[in-house]
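Owing to the predicted nature of the structure, the values given are computational and were not obtained by experimental measurement. By convention in this document, chain letters (A, B, ...) are assigned in the order of the sequence lines, proteins followed by strands, and residues within each chain are numbered from 1.
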Amino acid sequence: MNALNTTPVPIEKFTAVEHRFGNTLPLLHEISHALHRLQVEGTVTTLDLNAVPFGPGDERQLVDFLGRGEVSAKLEAMGDSHIRESRYSGVWIVEHWNTSGERVAFQIEITKLPALLEAQQEDIAESLLMLQAALENARNGASV
Amino acid sequence: MTGATLERGLNAFKEQVDAPVAAFFSSCVNCGMCAEACLFYTETGDPKYTPIRKLEPLRRVWEQEYTVLGKLKKMLGLARPVTDELLQEWQELLYDSCTLCGRCAMVCPVGNDISYMVRKAREGMVASGNSPADVRSAAERAVRIGSPMGLKYKALAAQIKRIETESGIKIPLDVEGADYMPLLSSMEIINFPEYIEALARIFRQAKVSWTLCSEAFEATNTGIQIGSSDIARELVQRIVDGAEKLRVKCVIAPECGHAYTSIRWEGPNLIGRPFPFKVLHILELLDELRASGRIKTENLSNERMTFHDPCSIVRKGGVIDSPRELMAMVSTNFVEMQDHGKWNWCCGGGGGVSANTNAEALRLKVFKRKKDQIEQTGATKLITACANCRLVIEEGLEEYHVELPLEGLTELVAQHLVEDK
Amino acid sequence: MNESMDFLLWTRGTAFDVSVAIFIVGMLIRLFEIVSLGRGRDLAAPRGTEFLPGIRTILSRTLPYGGTFKRQPLTVIAGYLFHIGLLVSLLLFIPHIELFRETFGFGWPGLPNPIVDAAAVLGITGLLAALWNRLTNPVMKMLSDSEDYLVWILTFLPLLTGYLAYHRMINPYPLAMGLHILSIELLLVLFPFTKLMHTFTLFLARWYNGAMSGRRGVES
Amino acid sequence: MVDTKTKTLGEILRHSGVSRRGFLKFCTATASMMALPPGMVPAIAAALDKARRPSVIWLSFQECTGCTESLTRSHSPSLENLIFDHISLDYHHTLQVASGDAAEAAREEAMHANAGSYLVVVDGSIPLGNPGYSTTAGFSNLQILEETAAGAAAVIAVGTCAAFGGLPKADPNPTGAVSVRDIVTDKPVINVSGCPPIPVVITGVLAHYLTFGTLPELDQYGRPKAFYGTSIHDRCYRRPFYDKGLFASTFDDEGARSGWCLYKLGCKGPMTYNACATAKWNEGTSWPVESGHGCLGCSQPDFWDAGGFYNALSIPVGELSRTVSYATAAGLGLGAVAAGINHRSKVEANRRHGEVTVDDLEKTS
């Protein structure tokens with residue numbers, strides 16, 4: 001091992017340069033049009049960023065541009081999900097991770113409230129049953 | 001060999017195709033620009049007069065004899081043959097409607113020298129018996145009698161005698177060892193003998209050693225006009241023989257376009273050897289005399305004059321500046337035509353057209369181009385340096401009822417010559 | 001199966017080799033055919049020289065004479081448009097330059113694609129105008145034979161297919177590119193045997209014209 | 001324990017305690033993976049809710065196992081796990097525990113039990129030159145494929161070898177390799193080409209079948225349009241440089257460092273249809289062009305024979321310089337012959353010239 005360590009192996013120093021490839025600007029225009037539609041017609045738009053051919057640095061540029069707004073939510077269902085409003089109200093950044101901590105979806109939603117934050121009908125029904133069962137248990141003498 | 005046959009014609013076409021012809025045909029893209037340079041098209045609007053189209057028979061021979069694909073097509077029977085009917089139809093295009101003026105060769109974007117090819121195509125027309133009857137008989141007269149107009153030395157001798165008597169100047173004849181031997185055109189002898197007198201006066205003043213040759217005075221060459229090198233050679237040979245016999249240093253071409261071409265540019269190639277003498281056009285000689293101060297002029301005219309450039313002398317002969325220099329010797333009010341010098345428009349009668357009665361109506365029609373060009377200048381006198389142009393223009397102006405005096409440049413110089421009395 | 005890729009590979013492979021070979025062999029045969037006919041030595045005493053006037057005419061005939069330009073502006077303008085469009089697209093498009101570099105071992109700088117694209121559009125426009133001119137101008141109409149129209153098609157197709165391939169207007173792309181290459185191959189194969197030869201022989205023709213005139217002391 | 005063979009996916013997930021939110025998130029990820037628009041999520045949710053688990057038989061022929069590697073090392077294993085949890089991978093040489101007769105028995109059992117509804121996945125090409133070139137348990141690849149495909153609902157040809165013959169078929173194709181489509185003509189065959197294919201594309205196709213019970217829309221090469229619908233070039237983030245005419249000329253020049261277009265360095269992106277530019281590789285880290293190397297065109301038929309990897313796409317496949325030199329030599333020879341013929345022709349015409357005198361001007365008839 002020592003011999004290997006002393007062998008001079010030149011390592012090129014590489015400082016990654018972030019180039020602007022111009023792919024974020026059209027996307028921002030699309031977001032702007034979607035926001036206008038939301039304001040006027042109330043139409044909800046979802047953009048799947050996995051389908052956008054980002055170059056290196058493009059994604060960070062977009063996220064930096066959108067910034068952070070007032071609301072931020074974390075969801076724990078089959079891995080984490082982060083849903084946060086950007087500095088532009090009505091524009092939400094949604095990221096889903098799987099249980100192994102890898103991002104499986106990256107979206108921008110232009111909506112008043114991302115649907116995933118709402119309690120779901122099926123879960124409500126299940127919750128109601130569970131709650132009723134719990135109350136039944138309590139009435140039967142169990143301590144609340 | 002006797003008589004003209006299609007076979008001899010085809011062989012002649014085949015002989016005439018050379019590398020320039022092959023390069024020209026390979027390059028033509030049928031863009032039609034040559035039509036716009038040709039007065040036979042511009043004045044009639046008939047596309048059949050498009051210069052390059054006039055070469056269809058020669059083009060077919062080139063294609064079928066000298067290109068791989070053409071030979072193949074000919075073998076498979078797909079090629080359009082050159083027939084006697086085709087050549088008959090093309091007589092009008094190769095003779096009546098082409099004066100060999102060479103203007104088309106100046107505009108062709110790919111650089112085709114169309115008049116070079118028309119001259120060559122006529123060889124095939126002659127050998128196949130498709131040359132116009134009038135030009136044919138002129139050629140016969142030239143060979144048999146000595147001049148296309150049937151004029152013999154007797155006539156010249158009479159003119160010489162008359163001029164000598166009237167002017168009192170001796171005209172040297174058959175003087176061995178003279179420097180210059182001027183040639184004359186039949187037209188000058190018959191229609192414009194003033195030219196001979198003008199020469200005599202100018203040469204006397206400039207102390208030029210010169211002589212006429214009784215065996216070789218005729219400069220015109222119907223072999224060139226009809227397009228037969230064999231006939232042209234015979235006629236040129238007479239001049240060469242005369243000049244060599246008199247051991248002159250220089251032969252002077254007269255005010256005649258095609259005569260200059262035949263003796264200056266084609267002559268040595270026809271006889272197959274360089275001349276032992278120089279050939280100059282009379283305007284070149286006069287310009288030399290002017291430049292060396294041997295002739296001077298006086299009483300310059302302020303009449304508005306313009307100059308018609310004879311195609312064979314100017315565009316195709318290269319005598320471009322001399323006429324301008326000489327005009328400045330005689331006139332203070334010289335105006336150029338809009339297209340002049342190498343861009344000049346033809347009078348419509350060169351290349352044998354004026355000798356061809358079939359072409360007469362067409363020639364008068366297309367003369368409109370020249371007439372308009374002259375009128376545009378507002379000149380009251382027209383000068384030129386070609387007896388044929390002069391006759392054709394006179395006839396044309398008469399047809400269009402335009403009154404305008406015409407004069408030869410040499411005579412004009414003689415008129416203003418400062419002479420030691 | 002896989003038609004368009006097979007087609008593309010065929011056009012980039014066998015067909016390209018064959019057509020380039022035919023082009024070169026044909027060109028050489030044609031040039032030899034022309035030059036072998038010779039030109040008689042001119043025995044007349046020259047007034048001027050041949051070489052420089054010949055070169056001068058090679059260059060000067062690229063510009064039209066004013067008088068004829070005024071009479072036939074469409075012929076001149078359409079001619080310029082399509083020749084420039086064609087030459088720019090052919091010689092200054094970077095993918096084409098790479099092909100030349102591979103063939104000859106050297107290349108040259110190209111132009112940005114939008115400029116080449118514009119040149120191609122001009123070229124296509126020029127060719128359409130030239131066709132219209134050929135069909136309507138009485139002189140050209142009379143002169144034109146089937147070869148003129150064949151040559152027009154052979155010239156038009158590479159520009160058109162190149163334009164369509166670049167803008168990916170034919171799908172899939174291998175088909176578009178294959179068609180483009182095929183159109184070039186057609187052009188190459190027929191080039192030596194049609195008046196497309198003028199591309200090369202015009203230099204000869206102009207030189208002969210200029211030299212013969214130059215000898216007589218005339219700038220042609 | 002839920003019987004995964006009879007329950008729907010929705011039932012299985014809910015039984016495992018996955019909330020509706022979790023399910024929707026799964027559907028969103030699935031839609032994204034299948035390259036479907038986000039608007040399709042409700043439809044996917046509805047379909048997945050009712051989806052049943054299909055049986056899958058995986059056959060490996062003349063291949064390098066790179067396709068399986070690609071799939072099993074894909075960047076979102078839990079998602080694929082979910083999918084694989086809900087398909088029944090009943091036979092796979094490389095992955096299955098069983099071997100020998102037991103393995104073959106498993107294949108036959110799966111074929112029997114799911115006749116007409118199972119999926120066959122194939123990686124590798126089929127040699128027709130000699131059946132012995134590639135065999136499994138004494139059966140030639142051709143026999144196994146024909147037998148297995150007979151009762152299948154559809155065949156998925158994974159990788160360029162299975163889809164188009166791939167490397168084994170490269171010139172001169174010593175084994176006589178053919179693609180699945182050359183053999184299976186009476187069943188839908190989906191080509192998932194690439195060398196290897198992008199993992200999410202493989203799972204995306206399976207997910208599509210699982211979700212909708214149908215096969216996705218295919219392009220003219222039999223590939224799912226959702227992934228192969230646009231070329232690498234059209235989705236490439238370096239495309240603006242191509243348009244501006246800014247190209248890297250070597251792998252270490254200023255252009256390469258500045259991330260310019262790799263066309264001159266042989267990028268086959270313009271003719272290649274695949275999802276690399278968006279799906280990317282290695283957990284979405286990068287993809288060939290982003291890492292500075294041109295696309296090899298591996299998802300296209302015959303990519304191995306499509307000219308040098310480092311030659312620009314516009315450069316022909318053959319050795320052009322050689323063709324040019326040979327043709328020039330031939331042209332000089334033939335040209336000399338043509339010149340000789342023309343010269344002789346003209347000399348002959350000159351020889352036959354009879355002098356034209358003024359007596360020869362009239363036609364003789």
Side-chain angles (χ1 to χ4, degrees), chain C residues 1-6 8-18 20-38 92-99 101-105 107 109-117 165-166 168 171-177 181, chain D residues 163-165 178-179 181-182 219-222 230-231 233-234 242-247 261 263-264 270-273 297 300-303 305-307 311-328 330-343 345-346:
Chain C
M1 196 63 234
N2 313 339
E3 299 86 355
S4 70
M5 260 318 272
D6 288 344
L8 176 62
L9 287 187
W10 178 73
T11 58
R12 291 179 63 206
T14 319
F16 200 85
D17 281 341
V18 169
V20 165
I22 292 178
F23 172 75
I24 292 173
V25 171
M27 282 292 298
L28 287 168
I29 289 180
R30 286 300 308 277
L31 292 175
F32 272 78
E33 271 177 355
I34 293 169
V35 177
S36 66
L37 289 169
L92 297 175
F93 185 48
I94 285 161
H96 297 166
I97 298 173
E98 289 307 299
L99 171 62
R101 193 194 306 281
E102 174 71 11
T103 315
F104 305 118
L111 285 176
N113 293 350
I115 297 177
V116 178
D117 187 33
Y166 174 70
R168 309 182 82 83
N171 280 308
Y173 183 77
L175 176 67
M177 175 128 174
I181 297 173
Chain D
F164 307 124
V178 296
S179 70
R181 277 202 165 199
D182 291 329
D219 72 358
Q220 67 137 204
Y221 296 120
T230 39
S231 70
H233 186 63
D234 283 337
Y242 173 84
D243 290 335
K244 283 184 210 136
L246 298 173
F247 297 91
C261 177
Y263 185 95
K264 281 188 182 179
M271 69 161 198
T272 309
Y273 289 77
Q300 291 300 102
D302 301 326
F303 81 97
D305 293 323
N311 280 353
L313 183 56
S314 57
I315 295 175
V317 178
E319 277 187 56
L320 197 51
S321 319
R322 201 183 55 193
T323 308
V324 169
S325 2
Y326 285 178
T328 306
L332 289 174
L334 291 170
V337 172
I341 294 173
N342 270 9
H343 183 71
S345 234
K346 194 163 173 201

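Summarising the geometry of C:Pro174 relative to D:Gln300, their closest heavy-atom pair is CG-NE2, 3.8 Å, with the distance given to 0.1 Å. Residues D:Asp305 and C:Leu9 approach most closely at O-CD2, 4.1 Å, considering heavy atoms. Residues D:Tyr273 and C:Asn171 come closest through the heavy atom pair OH-OD1, 3.6 Å. D:Ala327 and C:Ala21 make their closest contact through CB-CA, 3.7 Å (heavy atoms, listed as atom of the first residue, atom of the second, distance).
Between chain C and the residues D:Ala306, D:Ala312, D:Gly340, the most heavy-atom pairs under 4.5 angstrom are made by D:Ala306. For the options C:Arg168, C:Arg30, C:Met177, heavy-atom pairs under 4.5 Å to chain D are most numerous at C:Arg168. Interface summary for chain C: among D:Pro270, D:Gly245, D:Gly222, the most heavy-atom pairs under 4.5 angstrom belong to D:Pro270. If you tally non-hydrogen atom pairs under 4.5 Å between each of C:Pro95, C:Gly110, C:Pro112 and chain D, the highest count goes to C:Pro95. Contacts with chain D were tallied for C:Pro172, C:Gly13, C:Ala176; C:Pro172 has the most, counting heavy-atom pairs under 4.5 Å. Each of D:Lys244, D:Lys264, D:His343, D:Glu319 has some count of heavy-atom pairs under 4.5 Å with chain C, and the biggest count is that of D:Lys264.
Between D:Asn311 atom CG and C:Arg101 atom CZ the span is 12.0 Å, to the nearest 0.5 Å. The CD atom of D:Gln220 sits 7.5 Å away from atom CG of C:Leu175, with the distance rounded to the nearest 0.5 Å. Put simply, CE on C:Met5 and OH on D:Tyr221 are 6.0 Å apart, with the number rounded to the nearest 0.5 Å.
Interface remark: D:Lys346 contributes side-chain atoms only to the contact with chain C (heavy atom separation under 4.5 Å). Heavy-atom distances place the side chain of C:Ile94, and not its backbone, under 4.5 Å from chain D. Neither the backbone nor the side chain of C:Phe104 comes within less than 4.5 Å of any heavy atom in chain D. Proximity to chain C (any heavy atom under 4.5 Å) is shown, for D:Leu313, by both the backbone and the side chain. Residue contact with chain C, scored on non-hydrogen atoms closer than 4.5 Å, is absent for D:Tyr326. At a 4.5 Å heavy-atom cutoff, C:Leu31 makes no contact with chain D through either its backbone or its side chain.
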Stepwise, does the side-chain contact (heavy atoms from CB on, under 4.5 Å) test hold for C:Val20 with D:Val324? CA-CA 7 Å; C:Val20 165; D:Val324 169; 4.1 Å; yes
Report the C-alpha distance between D:Leu332 and C:Phe32 in whole Å, list the side-chain angles of each, state the deciding distance to 0.1 Å, and finish with yes or no for side-chain contact (heavy atoms from CB on, under 4.5 Å). CA-CA 8 Å; D:Leu332 289 174; C:Phe32 272 78; 3.9 Å; yes
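Residues C:Leu28 and D:Leu334 fail the side-chain proximity criterion, which asks for heavy atoms closer than 4.5 Å. A 4.5 Å side-chain heavy-atom check between D:His233 and C:Tyr173 finds every atom pair outside the cut-off. The side-chain heavy atoms of C:Leu99 and D:Leu320, taken from C-beta on, include a pair separated by under 4.5 Å.
Judged purely by atom type and a 3.5 angstrom limit, D:Asp302 has no side-chain atom pairing as donor or acceptor with the backbone of C:Asp6.
For D:Asp219, the salt bridge (charged side-chain N to carboxylate O under 4.0 Å, His left out) test picks out D:Arg223, with sequence neighbours left out.
Residue pairs that meet the salt bridge (charged side-chain N to carboxylate O under 4.0 Å, His left out) test with at least one member in residues 8-18 of chain C, sequence neighbours left out, do not exist here.
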